[in-house]
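Below: the structure, in structure tokens.
Both counts, for ligands and for their atoms, begin at 1 and track the order of listing.
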Amino acid sequence: MSRPVILRVPPLSPQLHAAVGERYDAVDPADLPTRAGDVVGIVSSNAGTVDAALIASLPRLGVIANHGVGYDNIDVTAALARGVAVSNTPDVLDDAVAETALALLLAVRRRVVVADRFVRAGRWPEGAFPLTDQVAGSRVGILGLGRIGRAVATRLEAFGCAVSYHNRREVPDAPYPYAASPVALAAGVDSLVVVVPGGAGTEALVDRAVLDALGPDGVLINIARGSVVDEPALVAALQEGRLGGAGLDVFADEPQVPAGLVALDTAVLLPHIASGTHPTRAAMRQLTLDNLASWLADGTLLTPVPEMG
Ligand code: NDP
């Protein structure tokens, strides 16, 4: 029996690329002129676009298995309109992403990266490093108290932080105070951790008003998507001292990072590595492959995206 034809939308990790090739009749974008009519499934990652045009060009497409919990790279509306099933990889990355949020918050507040540069530059003999802020006992707002947001919150509790949050809907069993808007949340905390999904619904949710509500001693941590923050407004707020600091894993136009951010000692910048640990990426890869195998076996998904109902 011929093997199912699966399109690998780049970029995929070498391991996932190879795994799809071992299990299926794998095709890549360069093969589409002759193979588009055969493709029944797509494997993508959140850095590879699956738009309406691609979906429309694959008449037998039935499933999109995305490697990543965020799937703003996929036109889900177009997929569902065609009856194409979509899966993502929730839960398995919560710990890795949450600890990245804490790493950024600690790095910005304790000036870890700047202090490291101070030592390497041989400046310690000239005098002590300036005192810093601390995370312990501070007030931290979570914008997006979902799976990862909760994992961030429990870690902050261990630091003795006062946690509050904002979602569109109050979470009934959440043990933290609810703020009615992003601005209200920012106004009542020292640091704000952004962990909402990307996409049109959250575009520039963190705007100048939110940044100004955080204020000159405030710190913004973004481990969600670059699109959620008005990046020019963020750069201006940091440059003008209206915001105290920022820890960023994601950017508006990755892998481009604004020169204004690179020049600032108050910003700690990571190359979108929040889920990038060996065990977490292995679990994400397995869940992606399991979703694809499940759909091919009986038309069901282990972790369908919420829009599938
Ligand atoms: P969840 O769906 O569990 O949580 C998302 C939360 O955001 C929900 O509590 C939701 O509540 C809230 N939310 C959604 N839209 C809005 C809005 N417009 N305003 C306020 N709150 C909103 O997702 P996860 O925790 O699993 O993941 C969150 C996101 O983190 C992913 O979508 C992804 O983009 C990002 N991520 C980034 C990674 C990285 O490498 N940097 C790695 C993994 C994830 P409600 O619906 O009530 O508003």
Side-chain angles (χ1 to χ4, degrees), residues 11 13 44-48 66-74 76 86-105 141-156 163-176 178-186 192-207 209-210 220-230 246-252 254-255 257 268-277 279-281 283-285 287-288 303-309:
S13 68
S44 57
S45 76
N46 53 32
N66 194 55
H67 177 270
V69 68
Y71 49 92
D72 47 316
N73 56 309
I74 299 171
V76 174
V86 183
S87 65
N88 63 346
T89 60
D91 301 315
V92 296
L93 40 62
D94 296 352
D95 288 342
V97 179
E99 74 183 21
T100 303
L102 266 293
L104 282 170
L105 182 59
I142 312 269
L143 184 54
L145 192 73
R147 289 173 293 249
I148 298 168
R150 280 194 177 242
V152 174
T154 53
R155 284 157 177 77
L156 290 169
V163 175
S164 53
Y165 76 100
H166 170 72
N167 287 0
R168 289 167 299 182
R169 289 169 293 272
E170 192 168 352
V171 180
D173 65 338
Y176 315 113
Y178 177 72
S181 70
V183 170
L185 180 66
L192 183 68
V193 179
V194 183
V195 64
V196 293
T202 56
E203 179 95 38
L205 187 65
V206 176
D207 58 8
V210 174
L220 178 79
I221 304 298
N222 187 8
I223 49 158
R225 287 287 180 268
S227 61
V228 181
V229 176
D230 180 339
L248 309 170
D249 184 50
V250 287
F251 302 87
E254 297 173 8
V257 177
V268 174
L269 312 173
L270 299 181
H272 201 147
I273 56 166
S275 71
T277 68
T280 291
R281 286 290 167 85
M284 291 167 65
R285 193 161 60 241
L287 185 51
T288 305
T303 52
V305 299
E307 288 88 336
M308 289 192 61

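From the protein, the heavy atom lying nearest to atom 28 (C) of ligand 1 is V195 O, 3.3 Å. Scanning all protein heavy atoms for the shortest distance to atom 38 (C) of ligand 1 gives I223 O, 3.6 Å. Distance from atom 43 (C) of ligand 1 to its nearest protein heavy atom, with residue and atom name: V69 CG1, 3.5 Å. Of the protein's heavy atoms, N167 ND2, 2.9 Å lies nearest to atom 9 (O) of ligand 1.
Taking 4.5 Å as the limit, every side-chain heavy atom of N66 sits out of range of all side-chain heavy atoms of T89. Residues M284 and S275 have side chains in contact (heavy-atom distance under 4.5 Å, counting atoms from C-beta outward). Put simply, the side chain of V305 reaches to within 4.5 Å of the side chain of M308, judged on heavy atoms. V163 is not listed as a side-chain neighbour of R155, based on a closest heavy-atom distance of 4.5 Å or more. Looking at P197 and R225, their side chains never come closer than 4.5 Å, going by heavy atoms from C-beta outward.
Every atom of ligand 1 is numbered from 1 in the order shown, and the set under 4.0 Å from a heavy atom of L145 is 9 (O). Residue L205 approaches ligand 1 through these ligand atoms, each under 4.0 Å from one of its heavy atoms: 19 (N). Atoms of ligand 1 lying under 4.0 Å from any heavy atom of V97, numbered from 1 in the order shown and given with element: 42 (C), 43 (C). With ligand atoms numbered from 1 in the order given, ligand 1 contributes 41 (N) to contacts under 4.0 Å with heavy atoms of V250. For ligand 1, the atoms lying closer than 4.0 Å to a non-hydrogen atom of H272 are 39 (C), 40 (O), 41 (N).
Counting heavy atoms closer than 4.0 Å to ligand 1, residue I148 contributes atoms from both its backbone and its side chain. Residue contacts with ligand 1, taken as heavy atom pairs separated by less than 4.0 Å, do not involve V171 at all. Of the heavy atoms in N46, none comes closer than 4.0 Å to ligand 1. In V196, the parts holding a heavy atom less than 4.0 Å from any atom of ligand 1 are both the side chain and the backbone.
Closest heavy-atom approach to atom 35 (C) of ligand 1 within the set P197, G146, A224, A274: this belongs to A224. Here the shortest heavy-atom distance to atom 23 (O) of ligand 1, taken over R168, R169, E203, R147, belongs to R147.
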Exercise for review: Would you sort out whether I142 and L156 count as a side chain to side chain contact (heavy atoms under 4.5 Å, CB included), showing the intermediate values?
Suggested key: CA-CA 10 Å; I142 312 269; L156 290 169; 3.9 Å; yes
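Residues A101 and V193 approach most closely at CB-CG1, 4.2 Å, considering heavy atoms. The minimum heavy-atom distance between S13 and R285, with the atom names listed, is OG-CD, 4.4 Å.
With values rounded to the nearest 0.5 angstrom, F251 atom CZ is found 8.5 Å from N222 atom CG. In this structure, OG in S87 is found 8.0 Å from CD1 in I74, a value given to the nearest 0.5 Å. With values rounded to the nearest 0.5 angstrom, D94 atom CG is found 11.5 Å from E99 atom CD.
Ligand 1 is approached by G201 to a heavy-atom distance shorter than 4.0 Å.
An N or O contact shorter than 3.5 Å is missing between D72 and ligand 1 by distance.
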